[in-house]
Amino acid sequence: MPQLLGVFEQPDHIAAAAKRLRDRGYTDMETFSPSPFPEVDDAVDEKPSGVRLFTLIGGLAGVCTGYALTLWMANDWPIMLGGKPFSSIPPYTIIAFELTILFGGLMTVLGLFLKGGLPSMKLHAAYSARFSAEDFGLVVSCRDRDVPEIDGLMREHQATEVSLVEG
Amino acid sequence: MTPPPAESVAAMIRPTPVTRDSKANRDLLRVMEGGSLGYFALVALAVGAMLAAGGVWIWQVYEGLGIAGYAHPVFWGAYIVTFVFWVGIAHAGTLISAILYLFRAKWRNAINRSAEAMTVFAVLTAAQFLGIHVGRIWKSYFILPYPNQRALWVNFKSPLLWDTFAITTYATISIVFFYVGLVPDLAIARDRATGWRKVLYTILSLGWQGTSKQWKAHNRTVLHLSGLATPLVLSVHSVVSWDFAMSIVPGWHATIFAPYFVAGAIFSGFAMVLTMMIPVRRIFALEEYITDYHFENMSRFLLLTSIIVGYAYAAEYFIAWYSQVEPEQTSFWKRAFGPYWISTWVMILCNGVFPQLLWFKKLRTNVPFLFVLSMLINVGMWFERYVIIITGLSREYDPAVWGIYTPSWPELVIVAGSFGFFCQFFLLFLKVFPVVAIAEVKELEIHAKAHGEGH
Amino acid sequence: MSEFDRREFLKIIGVGAGGAAASACSDPVEKLIPWVIQPEEITPGLPVIYASTCQECTTGCGLHVRTREARPIKLEGNPEHPVNRGALCARGQASIGRTYHPDRYRSPVERGADGSISALTWEEATAKVASAIKAAGSKVAVLGGQTGPTLSALIDSWLDAVGGGTRVVYEPFAREALREASTAVFGVASEPIFDLTDTDYVIDFGGDMLGTGASPVEHSRQLMGARDARRERGRAARLVYVGPRLDETASASDEWLAPKPGTEGLLALGIARVAYDAVRASGRTPAGDVDAIESVLKPFGPDSVASRTGVPAEAIRRIGSAMAAADRPVALPPGVALTSRRATATNAAVLLLDAVVGAVGRAVTIPPPSEGPVASFRDVAKLIDAMRSGDVSVLLVHDTNPIYSLPPDSGFAEALEKVGLVVSFASMPDETSERAGLVLPDHTTLETWGDASPRPGVRSLVQPTIRPIFDTQSLGDSLLAIARALGQERAAGLPSGSFRAVIESAWSDTDFRAALKRGGEFSETGASLAPGVSPGIARLEFKEPTFEGDGSFVLLPVPSPLLTDGRGANLPWLQETPDPITKIAWQSWAEVSETAAAELGVTPGDVLSIETPYGEAKVPVWPRGGIRDDVVALAIGQGHQVGRYASAAQEGAEGRVRGASVISLLPSLTDESGGRAWLAAKARVTATGSFQRLPFTQGTDNKRGRLLGESISLVALAKGESPWAPNQGAFMAAAPHGEEHGGNGDASDDHGGGHEGPHEIRRAFDPSDDSEDGDPFRWGMTIDVDKCTGCSACVVACTVENNIPMVGEEGVLRNRQMSWLRIERFVGDGYQQLQTGRPGPQNHEALGDTDVRNSPMLCQQCGAAPCEPVCPVFATYHTPSGLNGMIYNRCIGTRYCSNNCPYKVRRFNWFDYQITGWPEPMPLMLNPDVTVRGQGVMEKCTFCVQRMQAARQDAKSAGRDVPEDGAIQTACQQTCPSGAIVFGNLKDEKSRVNTVAEENAGRAYRALHVLNTRPAIQYLAKVKREEGHGTGHAAAGPVRPEKSA
């Protein structure tokens, strides 16, 4: 099934176009933007990214590991040190804190990879260097007969050009 | 009316090739191209210094730490001083990227990339010194809690272990942060590069193409990393300061240390960013992206942190007097007027007094002045750690074993080498990665453009 | 050599990234060769102990040689021996190193005319000597030190046998003057023996009896015992010291008088006269010729003596009457440093004082004249003349080093050139053996047979405890071999068999095996006489001695408490042990008063030129408060060109002299007795302008009023006022008399460092809580600062016991000495001084001030040890029995523990001392029970934990679960002559460590305890014994203003 690529110069244009197309029922679309523009991203799908969940899990895992590690190791072979208790929470909190950050951070990146579909070996057929310059791209897959309508819609929203994606 | 058949439409559409590229891309990617003679001279200098230090270090491992200037009871010397110094430097990057991000201070875009890079390199440099400092590097893995046949773990009560965890975490997180921010720019580079760079950037950019899903996840990730990095950056230097504050050494055992060290770290970090970025901006003609406005903002930070640090100095002396603990008083008296008075006054002048000049806008915007000042601050901050560590140890509780420490030349070579180590990475960075966050800068540009035309 | 491979290996591993993986197998692969036929008395792992006798000086202390696997590893005093009763001095402790010294001759050597060295077999060497002697006829001379009676007798008979010849006994520190004085005063030509047991008034006329005297170990024990006994009755055993310099004995004294050097005798007479009147007044009469006494004493009224000596008449009267009133007084004669050209008169005066106060026969015993040759400087002079005139063609030198120890103007060196063949029996090279044509190396004390008779009633044996390490032969056997090589008819006069047989026959009147077991034959009461004063005394004339040279300073050559007359200089343990007074190691220094230094415009380390008519020496200066302004003092002992450690060879400067030799500045003059006069020259002292850093180990003796090295007055003690009771005072120890700490008007001084500060944390605690509940032990110590004389025997003992390496002069210059135990020397209570700049070494002594606190500092084994929690890898931790353990294998060398140790008793291996510190064959003396530490690890005292383990094993095998109290003695405690250190189990209420502390609760304090480290060591404060029981401040000393550097 054919894919139409519309090229825009301004974020609000592409955002509007995307929104419009979604209303018309064209849900299978993808955008390319050179910089982060929330309005564009939300126009495609306003669901917030699921990365937050990864961070939460990572953080919790970290704090638990931190305390478990320290407390267990301190009591696995209790060694007297300067008359201090074997399980002394305050110092272990520091370890727990550091691990919270560490695990949380790494999990967040994992989230980025999974949610952002990274790393991906091949680029989208419609992607080209202009989208890492200043242009915005909107790719819509549709049935052949919908092509003119989409074409029209895009131009209506000041798409500088619309083309059919080969391959 | 009935729509025309698809193929006819397809026929009538002609894709037009990309002709124009964004100015930001061109300007900023240009930095990575080629390399002047001066550049390679600098690289040679940096690498040379590092190799010299490496040689001395190998000799030290062979002969023993005795080749350093240690004298009972001063068992920590220039190595730990330099360790703390570099950890401090490492603080600006994350602060700029994380905290300023959370505060939505857009001006950070121009400098955050290079600052993050410095963070990463500074942490790596600092980490070297943990190994250089210990007596038996070949046994230093003992400090890791790995399962072993002795069933012996590590002592989590020791500030040195907190250090190990904090530094590792900080290194990991700042590398991750640096890389995540880099991905979109790497894609930009990928789309324009040829040859080995093409391969490199294709791999590193992970197939980024700026789709909505990617940007959504990316924004969220940066936000969360900032959220995590902010407490981290504050914790790391606190932990480092506890290496001292947790001991009973007069002059070390002070509750003020954590905030005092964190402020000092940010202070020195910003100074180092200025020291590095002022020449870079000049050499690569980036005035358009890194403006005096940025420098002025940084110097405001310098002023603020300098005041905090100066206050800490004063507070230490006040408490020493007020506490009426004689060893404490003696220790601080010796700082100011004892054998190490030079270091102390260098520290006070460079960190407490000179930066006060930044009250004047004229000077805040005077780039050569800022460069000189940032240099002075770097010196001052190294001496701050020298004063704290050495004077503290040399005048302790038992007057019978007071001692004097003076760094030996091998120590100084290694310390100098650490600057080479740091600089070589930074020079490499200039040529391999975009020195300014292009995507973020462009965001502003496009916004401006949109604003200019629309409505 | 295997170490080298290992070292290489370690380092490469260290450098290589693969370290982690490979260093597990970084130890060298060494083959164990099992003992096929094992000697039955040796059980591997268990020490075998042999009794022997220390030959380091002529005192003759008894030894217990602790051997492991047939190797002596430690010397300890023989508890049965009446002289030292188990204790040993620093020299004795270090003397074990002679046997394992890397310099030792490996075999007999011949020195060619061109100075070339060639090794010989014993047959060749013996033959060469024999032929030379045959040729020489009676022109043979033997020059040697004091030897045991049997060997001495053998030498005499040998000389007769080989055709006559002269024999001269030469001891640099011989005491001819005393012998002569005894002849004059009592008509008995022998050296009196002074016994301080239960004395209550001792006056030492410059003998430094506790440091370099005739029998320091014995006298320390006796004096401290007497002090204990008296103190328990709330009274004082007073020690009055007379001498120009604050030395060890002066530091331990209660009153110190510094008369003009050389006038000690006059002072003695002045005191004697006062005492005499008092004695007569009390109706007593001194034994002997009263008229002689009176005629001698008549001219010495207190006031005239005062004007002649510079000692106030008041003091003379006070001391005189006190001596007369005392129930067991004793006066001791001057030592080497004060043997002036009138030494005999001086000694006589002191003996007369003893006679007057009735000490003779009680505290002073006069042994019958000893047979056998005695050392005589006069004879040495004669011998030199003979050599010069070519009447000596073969000179045999043993047990002495005349080239070094004789003054240059004696002409010995030149005379030696005229001697055909010089044969040396030295076991390691010294200045003399370097000029000998033949060296027939002698065994060391630990390899040879021998005996000694330090005094009547005490005969003690020397027995070999190790197979000779090198191809050496004992002197006795060498002599016998030479005689036999000369042919039967000559050898006939001599005993057949080996020297061992000679010893056995000499001891045939005893149960030899029993004697060997015991270490000799000891009967408490030796034959002694109690003669009265003989009229002979009248023939002595008592007046000030004369000095050569026109300098403004009297040159005072003081014997070094460690290097003695220089014989100790090649033992690194003695070189590196800081001088007990100045805390300087490895170097010479010149002591002048601070006033004099100010006039000369010099500060510590500035090099002085000291010039006498006989020579010049350039020596860095050490200004002191504790020395007369008209005196410049130089320690004897340094200034060798020969010897790995004695010379600067250690610093890589082969043949360069280490320090300076005071002997080269001295004339070879004698006193009336023909004894050598040391105190005979005046020196011109000038600043050279050059500077030399002095390797001192303690920069200041100001303890700043901190809770270290405390003292308390006898009065306060009697009243039960203890400033260290828990919950009193603040950081500073409250001043014993409640007097304010001296201030120098500095802001912070006004606050007295926080007396009664609100932050008080010094709480009472029970140290026995600081070990695991189930554990029967909590090891602890009680150290009596009042008893510590600073002699440093403990330091050397610790070094030898624990395989502690030497770091040499450079090491000490960086304070890198490794010693686990140091003796801190503080003067007065000290006070805060906040001076600016880089402080030079400081000195707060004052003439007449004896408030010196010597406080041994070692790991306090804290209950709440600051060093423990900061170690990331558990390398240091708290053992179940309360020790602060140190695991070398685990240490990665972060050195945080040392930073956090307030006592600074941890040491770090900056270099690979375990390789560089122990040249062959020194590794043989390593204690196998103690790990040898490698490069990059921290080390520290653990109360000789290896000894605890051994004792616990013994207890187990004896069926007890805990060793009884006293079974475990730490090395330092074991050797302490004055018994200042008590070690034991704090959990056992009846253990001495507890009882001693309880008995002295009023003096007990814990070092720096304000830090709440819960130390396991309790110190007992020094006691100030004021005259008349503390009404005055005789010993307290003034609060001195700060002398800022």
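All chains are named by letter (A, B, ...) in the order of the sequence lines, taking the proteins before the strands, and each is independently numbered beginning at 1.
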Kindly compute the distance separating CD (A/Gln3) from CG (A/Leu164), expressed to the nearest 0.5 Å. 9.0 Å
Could you look at [X] and say if it's the side chain, the backbone, both or neither that has a heavy atom under 4.5 Å from chain A?
X	result
B/Asp185	neither
B/Leu232	both
B/Trp153	side chain
B/Pro159	neither
B/Leu152	both
B/Val441	neither
B/Trp242	side chain

Report yes or no: do [X] and [Y] form a side-chain donor-acceptor pair below 3.5 Å?
X	Y	answer
B/Ser212	A/Asp41	no
A/Tyr127	B/Asp191	yes
B/Ser205	B/Arg190	yes
A/Thr55	A/Thr108	yes

Looking at [options], which one has more heavy-atom pairs under 4.5 Å with chain B than the rest?
options	answer
A/Val7, A/Leu112, A/Asp76	A/Leu112
A/Asp45, A/Ile94, A/Val40, A/Val44	A/Ile94
A/Tyr92, A/Phe54, A/Phe113	A/Tyr92
A/Pro119, A/Gly137, A/Gly104	A/Pro119

Chain B heavy atoms under 4.5 Å from [X]: which part of the residue, side chain, backbone, both or neither?
X	answer
A/Phe97	side chain
A/Leu123	both
A/Phe32	both
A/Leu81	side chain
A/Asp42	both

Look at [options] and state which one has the largest set of heavy-atom pairs under 4.5 Å with chain A.
options	value
B/Val176, B/Thr168, B/Leu228	B/Leu228
B/Gly227, B/Ser158, B/Pro145, B/Ala166	B/Ala166
B/Lys442, B/Arg220, B/Gln209, B/Lys213	B/Gln209
B/Ala24, B/Ser235, B/Ala229	B/Ser235

Side-chain touch B/Phe156/A/Leu69, heavy atoms, less than 4.5 angstrom: yes
Can we say A/Arg130 and A/Glu9 salt-bridge, meaning some charged N sits less than 4.0 Å from an Asp/Glu carboxylate O? no
Salt bridge check: are A/Arg155 and A/Glu161 linked by an N-O gap of less than 4.0 Å? no
Can you list the steps and then say if B/His253 with B/Phe244 is a side chain to side chain contact (heavy atoms under 4.5 Å, CB included)? CA-CA 7 Å; B/His253 184 68; B/Phe244 308 105; over 6 Å; no
Hey, what's the ring geometry for B/His91 with B/Tyr170, parallel, tilted or perpendicular (30° and 60° as the breaks)? tilted
Report the C-alpha distance between A/Lys115 and B/Gln214 in whole Å, list the side-chain angles of each, state the deciding distance to 0.1 Å, and finish with yes or no for side chain to side chain contact (heavy atoms under 4.5 Å, CB included). CA-CA 7 Å; A/Lys115 293 291 163 186; B/Gln214 289 176 339; over 6 Å; no
Using a 6.0 Å distance limit plus a 45 degree cone around the ring axis, check whether B/Arg104 lies over the aromatic ring of B/Tyr101. yes
